[in-house]
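Let me begin by presenting the structure, written as structure tokens, before commenting on it.
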Amino acid sequence: MKYTSTRNGSIVTSFEDAICSGYAPDGGLFVPECLPPITTTHLQNWSALTYPELSQTILRLFIAPDEVPEHALQNICTSAFEGFENPAHAVPVIQVGSIFVAELFHGPTFCFKDLGMRTVVNLLSYFSQKRQRSITLLVSTTGDTGPAAVRAVSDIGNPLLTILVHYPEGQISEFQRKQLTTVDSSCVRVATFQGGGDDMDRPIKNLLSQQSYTDSNTLLTGVNSYNIGRPLMQMVHYVWTYLRVLEELGKIPGDPDVKLDIVLPTGAMGNLAGGYMAKKMGLPLGKLNAGVNANDITHRVVQTGEFYKSETMLKTLSDAINIQVPYNFERLLFYLTNGQHDLVRAWMTTMDATNRLNLDREWLTVLQRDFNSARLSDEEMCTTIRSTQEQFGYLVDPHTAIAIGAAQKLGCGLDRVTTVHPTVILATASPCKFEESVTAAITGAGWAAYLQNGFPAAARGITELPERSPIVYLAKAGGTLSSWQAEWEERARAIVADLGAANGYRCVTQSK
Ligand SMILES: *Cc1c(COP(=O)(O)O)cnc(C)c1O
């Protein structure tokens, strides 16, 4: 399978180049050249596979054996799920009321990011060893991406694979901060910036675009969900969940009468992009419903066709989905138009220049055929955490609560009974990561009860480890966002060089 840019079909490259580059050279996002079909026969054959086996089988559709041979892919998919509660059954699908909940958070960092990230990082480690060249990951996090990436890198312990991770100061939970600052590995550097969730995206994109895989001895790679590896791997949990729900309903996979409606908390749309790709391949999914918080760009575009960056990032109790511009909307547009590169390029060129793009009626109708959305305030989110716990004895994290609340608003909530379009909530994180927000919903006494029985044993250790101070990128008074971003970019460049030196190689990145 070859890869191409959403904005230009004549850019054609290998899987290795696509995953190692992050963005496509024209600023677009990589997509596979085609989406292989998922047939009823596939689904039936896949229903007995373990989670790592299913991952390997689905990835194989997208990675040619001459790039990653079978035994290597098997090792990658096996080791990616080490550290999960139950690797063979990495994603439990349970019933709560009349809906299904796919618990995507049983990995080592208690968040769904582990599912995509660990495989991607393992693949990058494989390529670094195959080529004997170093790779440094540049990551910006709204809370969960960073810990998953840092943990994956430090678990592998390959000196050729290092990471510099950035988080917005004061905008991630204490638990998430500790997941970053307690890691003691020469492969890891942690920095914090005084800005909003995606303010480091521009400096990182600049750093990545100033180098190529062939002209420097260290490769800089981004592993946020613009990297195609993430949505590819995130298809797996949709297929897995589909198979488990059909099993539960006593139906045969491929049954033409059953389609799953999915509701998920949405930030950068990486998870949504994985689901949409799986649907385009033939997985029987109904609507993909995005739940968002007050940072509601996704809701606005799905409801009105207007896609534009809001003035400011709003602080919320569900910070992991505080996003002003979701990168994967570009992939959604690509698949929405059945792969019209020129149209996507025209839209995204407008977006890059003006921070705004408007879909006309016709395209909005197409968008609304596959997607719907709902927005929840912090107060509504807290009410949902409380009512889900009171009615079902089930404590959810703030992001999962956004999905449950969205399902209720969209008429496919916990009390809807249907076997034709069963509703599945994607539960993206464990409540253990979000003491501050969960306490806002169920009070300190509620949190104390959860600590007593419910808080995962594996999460306890982290709170006791010593923290190391992160590197701080300041937003100096009197400056503008772009002046700070220019300065942060230089800081990051210096840290990358230092990270290389600490691991025994020289890293050259060119300044503009
Ligand atoms: C990252 C994240 C999301 C959003 O996923 P996207 O792929 O960015 O849309 C939702 N919930 C949690 C807990 C997350 O960490």
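Order of appearance sets the numbers: ligands from 1, and atoms from 1 within every ligand. Small disclaimer: the values here were computed from a predicted structure and weren't measured.
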Problem set entry | Partners meeting side-chain hydrogen bond (donor to acceptor under 3.5 Å, both in side chains) with Ser5 (sequence neighbours left out) | Asp26

Exercise. Is the shortest distance from a Lys or Arg side-chain nitrogen in Glu82 or Arg118 to a carboxylate oxygen in the other one below 4.0 Å?
Worked result: no

For this session: Sequence neighbours left out, what passes side-chain hydrogen bond (donor to acceptor under 3.5 Å, both in side chains) with His237? Give chain and number order.
Result: Asn271

Exercise. Residues in side-chain hydrogen bond (donor to acceptor under 3.5 Å, both in side chains) with Glu174, at least two apart?
Worked result: Lys178

Exercise. So which protein residues pack against ligand 1 under 4.0 Å, heavy atoms counted?
Worked result: Cys111, Phe112, Lys113, Asp144, Pro265, Thr266, Gly267, Ala268, Met269, Gly270, Asn271, Ala320, Ile321, His399, Thr428, Ala429

Exercise. Of Phe81, Phe84, Trp240, Tyr51, which is the lone residue that meets ring pair (Phe, Tyr, Trp, His ring centres under 6.0 Å) with His89?
Worked result: Trp240

Exercise. Hey, is Lys287 close enough to Asp370 for a salt bridge, meaning N to O under 4.0 Å?
Worked result: no

